[in-house]
Structure formats: structure tokens, C-alpha cells
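As C-alpha cells, the structure follows; a few thoughts come after it.
Below, chains carry the letters A, B, ... as their sequence lines are ordered, and counting in each starts from 1.
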Amino acid sequence: MNVVVLTVVNRHSELITGGWSMSVDDAITLLQREGTPAFQIADGTTTVEVSVTPDSDRYFGGTVTLAIGPDGAPEITDDDGLLWASIRTEGTADARISSLIVAVSRLRLATRDMTAALHRIVTQSHGTRQPTPQWLVPWLPPEADTMALAPREKMHFIDAKTPIADGLVNFTAPKPASVAGDTFVVEVAGVRAPRAIAVSWPTAVPRDEPAPMLLYYRPGCGQNVQHGYYVAPGLEPYPWAYDYAFFGMLQQLWYLQDPLIGYSDVGVPYQIAESGKKVVTVLPCNSVGPEFGSFTDPASVLDILGEIQAFAAAAEGLLPASKIGRVALGAFSSGNGFVSRVFASGRGQRHPLLTDHVREVYMFDPPNDVAEGLLNGVLTWARPLGEDAKVRWYSRGLSPHHARVIGKPTPGAGPYVVDSANGSRSAGSIDPLQWQRSIAKATGVPSARALEWNDAHALIAAFLLTHAMDRSGF
Amino acid sequence: MPAIVFLVGTDGTSPNAFYAKAKAYFRSVGVPEPDILSPPAGRTAWSIEGIMLALTKRATEGKVYSEIGIVSHASTFGLSAPLREADDQGTMALSADLQNALAQRKAAAAGALAPASTAAVGAQSDIVIYGCEVGRDPTYLKLLAGVFGAPRSIAAPLRMAIFGEEAGKPTHRLARSWSIPWKGDIRKTTDWVTARKKFTEDASTKYEPDVVPGLGRGDYIAAASGAQADITKPIFFWNDIIPLHFRGRKSAARPELATGDDVSVSTTLIDGDFRDTDASNARICNLALLIKVLPDAVSSTNQAQYERQVFTATATPSTGPPPAGGGGGGGGAPQTGLIERAVDAVVAAGGSRQAIDDLLAAAAPAPAGEPDPADVEALAQAEADEPADDGPAALLELPVAPA
């Protein structure tokens, strides 16, 4: 007889709780459904597929394919959807017992779901919201399991070493920009939000070592519903819908063109690459309703970042590191309010996410209603960490909070991006008119219109991450 | 001889009161109250074993029944009744369970499930299942009859079984049904226009007239029109929950019965259908069912309504498959003890006991800790709905076309 004992574990190699089910193909003669799970392989079988699905909605399942040798010894030939699988066997062709251990993930690859959603563009108006222009379609990443961030020509970045010069924002000369690495999307099991997370993993970051990560919170999306986005008749539900795929993920990931021209894109991985740092981009896609949901809870954030690291390692057939590496939290606009939640609770300040991993916090134009609470939480977190805690705060105007951030008076007028005495903190102020003058100088073309607050708002996200990353401890 | 009826489960909070209405129906047709049996005290469901023990006990008291009715929620996967008394009361008796039980009995394995006494279930006994669509799988019926012993016949409906009320009188009806996997409970939809549209689109894939000649596509489209989750109406949507371990099984279909009918189309569930959880945290698949109650009176002897297997001296109930595994000493196919038997066999063949112990020890890692209640509460708070922020809105903008 040839029996295989099956064990299902999580990425920590712990037996998962809540039970699970398995199904096997026709070559299996019997499942043991009580006690330790096991199945028997019929004589003459050459291949067996075992599908495992945890009862808990916290995990996705997967399938192991076993090749059965002439002596009945099973060998793993594929482990689809699993973090890893291993098998040990003892016996002979007459009698054999094997132990198959499979590790299930809280994530599944969903790049194709996201890229497919991108191509289901919104073709109708919803209130003031206009249909997606058809010219955009050829520029979108094709529907596929992988997503390349295309290289771009003649891109401006902020000069991170000297961000302000001669009273204007100091841009680099136009130059090519590219991201060397894999970009993919995962679906998260067992949460209301974020159920989709985009990840850009630089080639230079090893997948089996503690990974440096930037976790970036985009603005809340509930505010846009009144304008015809995300939730409207005919729009698909979260997360595999055009609005979530485009605004929730792609617009944070890519630069469609030079951000001095179309500055609604954030290009997070491009800005990281420009800074020269090797850091993984993690972009949770928030949802109308729960918004960032579990990603305002430190325990959940740490768990999912660990799952992302394990998932990336598994994709290359590697075992993951036991811990993640240094983490930066970045947020734009109302996204800062959700980061504030992470710091606000007593458990947050004591949680290993903040005490052991988060070492950088970047705040891009936080709204006034969250600014003070956010800063209180961030400074409380930073105090015991000393110079290792990096805090960067950029606004579209002067702010009384800047002096608290850098520990000294700020210049009386902008634009400025100034550091604290030890360089671990920065504060910046660039208002719409200052952006307008700076862009006119950089491009040689005066703006056709007066930039408004929301232009400056977007430009801060589109450019100043490069500065924060350049100053980072990564 | 009189009839006895076993109401396998209880209604709990179920809105359709299936068992209560069934009880009213059998009262109305003259089955004595003491012979309409809800689950015994302390149980939420009769097991098949329990029903057989009860029948055997009653036979010893001189109470023998010609018709043994079993009212149970069911599907083409089987009865929603546990097989053994010790089984979880929420489980179903599947074909594989019946096969294993018969194999164990055939091998005279210790603890094998015994049939009802021949006095209780024998040549005088007709077993009638009142459970949705169980009759679509004649093999299942033969196996179930074999588990009971040697009844004269067993019958089960080909369609959904509905107990209801018409003009104040309890009724038993069958219903046409069209079922497709559905993400969530269709009854909870708040947008019936969209739900109906999606249902009929998905149903067109399954009930495609080109695949099943003569199947009237217009039937389900017409039935869906105006239907909602109102079980008092003759046409309504319903939700069925299928536990994970049915994945990949196909319901039996009876294409020879009626082309142009939903009965001729089987249901196959795949991994991707199982995405939700029910209150017990079990992984499940939701089915959306469009149900159209048929007005005809129902009889278990009507071949258009019931599948009936009649057993004679040459056609007996199933005694189950041969013992699985072969070459293992003819020891049958017990569900437990598989590992122990394998270990013994490997050691007998010269394998290392120590190596096996090491191997099995590695297969028993420490379990993951239960979630900290504080973590659970924090996550629940984190996942609560957020109001749309009322600060300066970061308006979304259409991209600017590259030059």
C-alpha cells in the first residue's frame, strides 16, 4: 500500500486552524476523513493531483502535483497557488508512507484580474465624470499575469539633493526613466479591504531576505463617488473594476508621461528608482466603504507584508525570510488619515510593526483635519528611535506643523524643503504659484492656466517621494 | 401496514420552515403524530444509522411500517443527513460515505455500520425520500437502499421537493429549478434588475439550447422576470449552500427523462466557486436557484416525478464496491486507521520505524495560535465603513494625452 499523510501549514510552518478540505483525482482509492488526513495511491498510478482548500477564508488554496515513481515514491512536480510544498517518503514498492506538507498563502496572484479590469474602460458619463478616452487604451498594460512598467523618455524628477534653488523647485534635466523589476497584483483573502494590492519588486531586492518596503496610502476614494467614480450604475464592484484598477493602482504605479505635463500620476516605483534606493513598492487598493480597512490595523499590516514577502519568494521557488525588513509608510492627501490610525492606537505604538520595522514616515500634503493628530502619533513613535526614524512632511503651503517636524523655525516664505539639524526630518512648502513658476522655467513654456490648489496637491505626490527616498535610511 | 416519517433536521431560523410544513402535510394525509419523528432530544438531525436503529427498535416492539418516509434537505449530492450517529450532525451522507460503509460491512470490519433488522426493513418496506433531486442519481438510491438492508423499493424525487400551503391546506409539490454558482446569497441582493440579468446570462451558459437540444432558453428567462426572494410566490429565487468537499462532484443528470428541462443538466462546482464562508466558518459555495413551483399533485409512484428502484431476487440493493486498495489482506476500506495500516505495512516490508516516526513527527507541527481577541476586535474596527472624507477632495482627473 502507498499512503500519503497531508499537512497544511501557514507561512510560519504552523498548522492552520479552522480545518481544510482536499480533493484528489481518480487515482486515489480512499481518503481518510477522520484523524490525520491521508490518502492512498492506487497501484500503477503515475500522477496525482491534490487540491487543498482551507476552510478559513483567511487563506487561498492550491494544488500539488505528484509524480509517482516505479517504486511508488511520490515526487512534487508542481505546486500551484502554494507558498511551498515538501514531501518525505519511507518504504519500498511493496509498502510506502509519505508525508506531504503544503504551505498555503493569504494571497493569490491577481495581475490578470487587474489588467483585465483596466481594459473594461468606463464608456459612459456619470454625472460630471467623463468616459475614459479611447486614446488611453493602447497605453494600458496588456491583460496578462505580469505587468511591466514601461520605460519613459524625457522625464523630469525633482533634484533630490537640491530640491529648491533660486526660489524655485529644482528639477533634473529631462531624462529616460525606467523600473527594473517585477510588478504584480495580489488578492488578499479574508479582509474587506484592501482586497487588492499592487507590488513592484525591484530586481535588485533579494526575495529570500528581509525586504525593504514602502507602503503607500493613496487618498480615500469615498469622496469621489459623488463625482461619478467607483460606485455608480453600471460600474463593476470592488476590486476588479476599471476605476479601482486605474485610479486605485495604475495611477499610483506609473507615469503615463512626464509628470510636469500630466501630474495626476504618482509613479511610486519610478520615484524610488530615481532615488537610487532598492525598495519594494506596496500599494493597497482601497475601497469605497472600508477604505484601507485592515491596513489601518498594525497587526494586519505586518501580517500581509510578511505574506507579500513570502509570496514573492515562492514565485521564484525560494523560501521566505522569517521577517520583513525596514518599512516606510507614505501617504498622500486623505491617505494620511488612514496612516494616522496606525499610529493613533496604544496598541499601534507598541506593535512590532512600529517598534521593529517602520522607520520612515512620509506625509504628502495631509489635510488639516488630520494633521495634528497624525503628527502627534508620528512624533511619539519617532522619539525613542532617535535619528533612525525619518519623518518627511510636504505641503502645498506654509504650515505651523513644519517647525514641529524639523525642530526649528522654518523659512518665512516658500518655497522651501528644509531638513532638521541631523537630517532625519524634513519639511517642505511649495504653493501653486511657486509650482507654476518652477514648471515654466523647467519647460520654457509658461502655463496656459493658473495652477490651483489641487494642482499643487498632485504635484507634491508626483515629485517629492523622490526627495523622501533619497533622504531615507534604506 | 402504516407509514412512518422521519423529519431529518430542524428548521432553526430557516425562513422556509421546510420541516414544519412537511410535518403539517403528513399530519394532513393521516400519518399519526407519534409516527412523525423529529430528531431525538439532544440532536439536531437524525443520522441514517439513527433511523435504522429506531426502525429496528420499533420492529422489536411489533411496529413495522410498509412505507418509510425520510424528509430531508438534499441535493443531487445526497441527503443532508449524517451517516453515523457519531458524525457531525451538519454533514451529508454522500455516495462515497455510503460506498465506504457498505465496503466495511462487506469486509466485516469492526464498527461497520449494520443494516436495519430484516423485520424492520425487508420485502415489505418501501423507502420514500422527500428530498430535493435525490432521485436524479439512481446509483445513490441503490447505495442508500443497501445501507438500510433489503427494502422492496426506494424512491426519491427528480425535482426540488416543496412543502407549502394552498387555500389553507398543506401541500407537497415539486418545482422546476435552475441553479448556478453565485457569489453570495442571491436573496440579499438589493438590485434585482441586475441580479436577474446576470442570472439569466449565466444560466444561458449552462442551459444553452445548442448544448441540450430542445431546452427552452425562454423558460428560465420568463421565470426570472419579476421573481424575487419571496417564497410565498410560485416563482422565486433561493440560495443554497454547498460545503466545500462537494467541489468537483457532478450531480447526476437524467437526459433521457426530458429534453427541454432543467433536470437534464448537471451541476459541476469548481474551485473558484468556493469563495464564501458561512457562520460556522466553513468554506462554501453559494448556488442561486430560480424555483418555479409546479401545480401538479405529487406521487412517489409517478415515474415523471420520482425515480424508483424496485428490488427483486435478481436485482438487489447495492452491497457496495470491492474493498479498496487490494492486496492489503482484504481488510476492507475503513475510513480510519489508514496511517496505522500503512506504517505496519512499511515496517513489515523492512522499513525503519524510526524513520517513519520522524516523518510523521514532521507532519504534526505546532498549530497556529488562536487570534488574540484584541486583534480580532481591532480588525473589525479597522474594517468598518468609513464616511467619505470631507476635507479638500483630491479630485480624480482624466489623464492627459501624451504628445
- Task: Go through A:Arg192 and B:Asp385 one step at a time and tell me if the side-chain contact (heavy atoms from CB on, under 4.5 Å) criterion holds.
- Result: CA-CA 10 Å; A:Arg192 287 190 71 202; B:Asp385 277 355; 2.8 Å; yes
- Contacting moiety of B:Asp191, where chain A heavy atoms sit under 4.5 Å: neither
- Message: Only pairs of heavy atoms separated by less than 4.5 Å count here; which of A:Val9, A:Ile261, A:Val191 has the most with chain B?
- Response: A:Val191
- Item | Residue B:Ala384 versus chain A: region with a heavy atom under 4.5 Å | backbone
- Query: Is it the side chain or the backbone of A:Arg88 that comes within 4.5 Å of chain B heavy atoms, both, or neither?
  - Reply: both
- Closest-packed option against chain B by number of heavy-atom pairs under 4.5 Å, given A:Val5, A:Val4, A:Leu136: A:Val5
- Message: Is A:Thr89 in contact with chain B via its backbone, its side chain, both, or neither, using a 4.5 Å heavy-atom distance?
- Response: backbone
- Under 4.5 Å heavy-atom distance to chain B, tell me which part of A:Arg218 shows up: side chain, backbone, both or neither. side chain
- Item | Structural part of B:Ser352 lying under 4.5 Å from a heavy atom of chain A | both
- Can you say whether A:Ser13 sits under 4.5 Å from chain B via the side chain, the backbone, both, or neither, judging by heavy atoms? backbone
- The ring-ring contact (aromatic ring centres under 6.0 Å, His included) partners of A:Phe292 (sequence neighbours excluded) come to A:Tyr217, A:Phe338
- Does A:Glu14 reach the main-chain N or O of B:Pro365 with its side chain, forming a donor-acceptor pair under 3.5 Å? no
- Query: Residues two or more places apart in sequence or in another chain: which of them pass ring-ring contact (aromatic ring centres under 6.0 Å, His included) with A:Phe295?
  - Reply: none
